[in-house]
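Written out below as structure tokens is the structure these notes cover.
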Amino acid sequence: MSTKILGIDVGSVQICAVIGQHDETGLKIIGIGTSKTQGIKKGVITNIELASKSIKSALIDAQRVAGTRYEKVVVSISGAYTKSVDSNGVVNVPTYEIGIKEIQRSMSESERRAQIHSDYEKLHILPYNFKVDDQEHIEDPLGMNGSRLEVQTHIIMAQKSSLSNLRKALNLAGVEPDNIVLSSYASAIATLNQDEKDLGVAFIDMGGATCNMIIHSGNSIRYNEFLGIGSSNITNDLSAALHTPILKAEDIKLNYGILLNNANELVEIPPINEDGKVQEVSLDVISNVIYARAEETLMILAKMLEDSGYKNSIAAGVVLTGGMTKLEGIRELAVAVFDNMPVRIARPKEMEGLYEILRDPANSCAIGLCMYGAGYFTPYEIDSEKKMRYKDEIVVKNKILKDIVYDNGVKIEDKKNIEEVDNKIFRGSTLDDNYIDDLRIDDDRTLQDELNEDLNKKEKKPNIFSVIWNKITQLF
């Protein structure tokens, strides 16, 4: 069974809509649509009607390319709207075995204890450290024995009014979101590898009008921050310095976006008004303007990293993605600005689908949103819809299943023998108020009764060797 997932990156310069098809073989990108953003400035919606038209235009293009409609929608929200806080929760484990319910209870307790302003709504509750009894730094407590479970969480919040405005713009465009995800979180899903997450990494999505930073350490996001500067600032600088229209300045940036250029080649620059004359400008002048803004942006980001307190916790260095990273020479400049730390320019991970979409770092967020909808998220999370997400893969192995529920229409409706259940891998699971022991099969028995009966039958059934041995002994 496949699911069509629509990811909408609501950017300040461009709206990008990507459609992915998710089935048992993985995720395949099948469509993309883009439109120039209107009604949004530096991540903030300033005109709901114009924003909705931009979203609808990108959505129509994506559906036209994909040739199909979507079934699930995941939308990004800019870091401009967000704040974050760390919290912790402690719960008793009466059964002495930690299951999904206990992990959810501990995360909910950390949510309850967090100091959250009434004007903000929780977007992501992300655990980064567990403690079982006296054992600290537990990566995954599921299935462990203990009487006490403690969790430390990073809670990302968004302004209620901003979320409401985003939902209104989406509804006007005919879209009902299933999840809203922090844009940098989505981009990180599409680009970071497991080694970088394990070692700790500073991830920066450098977009058209904003830069969003997250620090991934301790198996989850530990820090997130926003900067209202992007590649459009370079365009404005070029327009002002060269006295040329914005559109021509954008073309110059795209065609001659090299940070270090000593060429003597001249470029013709049209004037802002019709009375002026066409002028010729050296490429060296253009590269100096671009270099100055790119260096300033990276220096501010380096200061943000220093102030975060996590600079010594990112052994994997810095990973950059987004449209601004297409400037030639930005990696070398970033290495110098970030004190010779390792720097990688990241594109979306290799997967099946439209090649040109997957190779463009500007599409990282939209692809990451599709991946989030397909189940590629941190091991445990309470999402924007207050649902518990856990494990992108859970193998069910001869155990009580009452703590496990399946998302995206993945249900056990037909009778299955124990071997089928043993080998089944469920992706993108979520936990809500329904449990699997409430699900009924054909004859009104619970799933657990069905599995127990199958297991008993399997145990009682003699194997071929015992049958032969019994016949031989009867002959004598």
Where does the angle between the aromatic ring planes of H124 and Y185 fall among parallel (under 30°), tilted (30 to 60°) and perpendicular (over 60°)? perpendicular
Does either side chain, that of D205 or that of S184, offer a donor lying less than 3.5 Å from an acceptor on the other one? no
With rounding to the nearest 0.5 angstrom, report the OG1 to CD1 distance, T210 to I40. 10.5 Å
Salt-bridge criterion met for K28 and D23 (N-O under 4.0 Å): no
Reported SG-to-CG distance for the pair C16 and L369, which is rounded to 0.5 angstrom: 9.0 Å
Evaluate the side-chain proximity of I100 to Y390: yes if any heavy-atom separation is below 4.5 Å, no if none is. yes
Hey, does the side chain of S384 reach the backbone of I180 with a donor-acceptor pair shorter than 3.5 angstrom? yes
Output yes when a side-chain donor or acceptor of K253 lies under 3.5 Å from a complementary backbone atom of T235, and no otherwise. no
Nearest heavy-atom approach of K326 to A362 is NZ-CB, 4.3 Å
Any carboxylate oxygen within less than 4.0 angstrom of a Lys/Arg side-chain nitrogen, looking at K248 and E268? no
What's the separation between atom OG in S35 and atom CD1 in I15, rounded to the nearest 0.5 Å? 5.5 Å
Electrostatic pair D383:R389 at N-O distance under 4.0 angstrom: yes
Quick check: closest heavy atoms across G373 and V74, and the distance to 0.1 Å? CA-CG2, 3.9 Å
Passing option when S364 is tested against T191, T325, T321 for side chain to side chain donor-acceptor pair (under 3.5 Å): T321
Is it true that R359 and E350 make a salt bridge, defined as a side-chain N closer than 4.0 Å to a carboxylate O? yes
Minimum side-chain heavy-atom gap Y372-E381 below 4.5 Å: yes
How many angstroms lie between atom CG of N233 and atom CE of M324, to the nearest 0.5 angstrom? 7.5 Å
So does K160 pair up with E121, basic N to acidic O under 4.0 Å? no
Which residue, I77, N171, I48, forms the side chain to side chain contact (heavy atoms under 4.5 Å, CB included) with L166? I77
Give the minimum heavy-atom separation between S232 and V13, together with the two atoms involved. CB-CG2, 4.3 Å
Heavy-atom side-chain proximity of I155 to I382 below 4.5 angstrom: no
With respect to E109, which candidate in R113, R105, R112 satisfies the side chain to side chain donor-acceptor pair (under 3.5 Å) definition? R112
How about CG on N255, more than 12 heavy atoms from neighbouring residues, nucleotides or ligands closer than 6.0 Å, or not? yes
Looking only at heavy atoms, the pair that brings K122 and K386 closest together is O-NZ, 4.0 Å
How far apart are the closest heavy atoms of D178 and K72, and which atoms are they? OD2-CA, 3.4 Å
I234 CD1 to T297 OG1 distance, which is reported to the nearest 0.5 Å: 6.5 Å
Around atom CG of L266, are there more than 12 heavy atoms of other residues, nucleotides or ligands at under 6.0 Å? yes
OG-CG distance between S313 and L199, expressed to the nearest 0.5 angstrom: 11.5 Å
Can you give me the closest heavy-atom contact between P361 and R347, atom names plus distance? CD-CG, 4.1 Å
